[in-house]
Amino acid sequence: MNKTIAAVERYLSEVLGVQSKARPWKETGNLPFFLTNYYEFYEISLWEHPCLLMIPEEDVDVLPAALKKHRDCVQSEWDGCCIYVQEAISPHNRQRLIQHRVPFIAPGNQMYLPDLGIDLREYFQQSKSSKETLSPATQAVVVYTLCHATTEGYTASTLIKELGYSRMTLIRAFNELEAANIGVIDKRGRERCWSFTGGKRELWNQALPLLSSPVKQRIWIKGKTPKIQAGFTALGERSMLNPPSICTYATSTEEWKTWKEAVVKTLPISEGATAELEIWHYDPSLFADGDIVDPYSLYLSLRDTEDERTEIALEEMIEKIEW
DNA sequence: AGACTCAAACTACATGGATT
DNA sequence: AATCCATGTAGTTTGAGTCT
């Protein structure tokens, strides 16, 4: 974790001109074990303000609801500003942390310290040299890999057949993965070959901050419905959560084009609708498990939902996966 | 070694849809 | 209307493998 601390110190000195060293925090002994196990704590002083940095052991994207509880718990043992630190925070989590006024530092990218009057969102915007989300096609490659047995040895040629994208799009996808440091690309003969040498769980954790919801549009429809279940209907199948009375389905943009005129009517409200339809950025049938969308895309499609029971159901679903 | 071949990768531009 | 984004297409370059 020294690497993250060094990055934070460098970032603070670069952006704020603060030359301050972080030192490990000797905690009071009152913190529950899972917190001391899950996070590392460092003290640092910012313009005479004592601050406590909490850094998750693994570089995972903690869900804001859980994080808020953890932070409140730590805050009761610390008399000063308690700051969450993570190298790569997904855009939607970043937004929600700001909404909840949770101070955080994403070294190299952004910091939000409302108690000290610092909100460096603009700096972040200027410096977004690397893109903050993967393109839909690149995300499709990641989800495809997560849905298959191996994480190694994918060439553009095999993915063209499996995903139906053009060669150029797959080449761009490989470039994005390379730029984001997700897996490695080596040459097999002349052809580039993408591999992720860690397990699928690591791939998921590493890619998660860069993944976004596959849902482009949600609409109410009346008439024939597609086959693949998505949204809360799918989550009901994959967790203990009760499904809604009106089913949700997913479709690709291409399929929707052919349905739009002939088969179904769209409605402005749920009243009288036979289904809710999600139009996706990529084809949900590529990864569907029977009639239900894959759990990874499902997680991404619902993680913006501000509802604790949904968050818990999503977490449970991911925990249940046999990586 | 040099020439040839073929497919992958890249550059630059086009397109269609979404967003402002 | 103007701009952006994701993707596709045409044309060019590159380079590994093969033949002479």
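Note that the structure is a prediction, hence the values are computed from the model and not measured. Proteins get letters first, then strands, A, B, ... in listed order; numbering begins at 1 in each.
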For [N], take OP1 and OP2 only and decide whether either is under 4.0 Å from a side-chain N or O of [X].
X	N	answer
A:T169	C:dA6	no
A:S135	C:dT7	yes
A:S166	C:dG8	yes
A:R192	B:dA8	no

Would you mind reading off the distance between [X] atom [atom1] and [N] atom [atom2], rounded to a whole angstrom?
X	N	atom1	atom2	answer
A:D283	C:dA6	CG	P	19 Å
A:R167	C:dA10	CZ	P	15 Å
A:I279	B:dG17	CD1	P	13 Å
A:L170	C:dA6	CG	C1'	14 Å
A:L159	B:dA9	CG	P	11 Å
A:H281	B:dA18	NE2	C1'	9 Å
A:E191	C:dA16	CD	P	14 Å
A:E176	C:dC5	CD	C1'	12 Å

Considering every strand and a 4.0 Å limit on heavy-atom distances, what is the contact class for A:S157: base, sugar-phosphate, or nothing?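 Here A:S157 touches the backbone only, sparing every base.
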In this structure, is the centre-to-centre distance between the rings of A:Y144 and A:Y154 below 6.0 Å? yes
Can the ring centres of A:F287 and A:W280 be said to be less than 6.0 Å apart?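 That pair fails the under 6.0 Å test.
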Would you say A:N175 and A:R192 are linked by a side-chain donor-acceptor pair, where the criterion is simply a distance under 3.5 Å? yes
Modelled atom types, side-chain donor and acceptor of A:E191 and A:S157, under 3.5 Å: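 There is such a pair between these side chains.
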For A:M168 and A:G189, take the nucleotide of DNA chain C holding the closest heavy atom to each; which residue's nucleotide lies nearer the 5' end? A:M168
With the side chain of A:R190 defined as its heavy atoms from C-beta on, choose the nearest nucleotide among C:dT9, C:dG15, B:dA9. C:dG15
Side chain A:R172 and base C:dG8 donor-acceptor under 3.5 Å: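 Such a pair is found, so the answer is yes.
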Start with the C-alpha gap between A:Y249 and A:I221, add the side-chain angles, then the distance that decides, and say whether side-chain contact (heavy atoms from CB on, under 4.5 Å) holds. CA-CA 10 Å; A:Y249 299 91; A:I221 58 168; 5.9 Å; no
5' precedence on DNA chain B between A:Q217 and A:I171 (nearest-nucleotide basis):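 Mapping each residue to its closest nucleotide by heavy atoms, the 5'-most match is A:I171.
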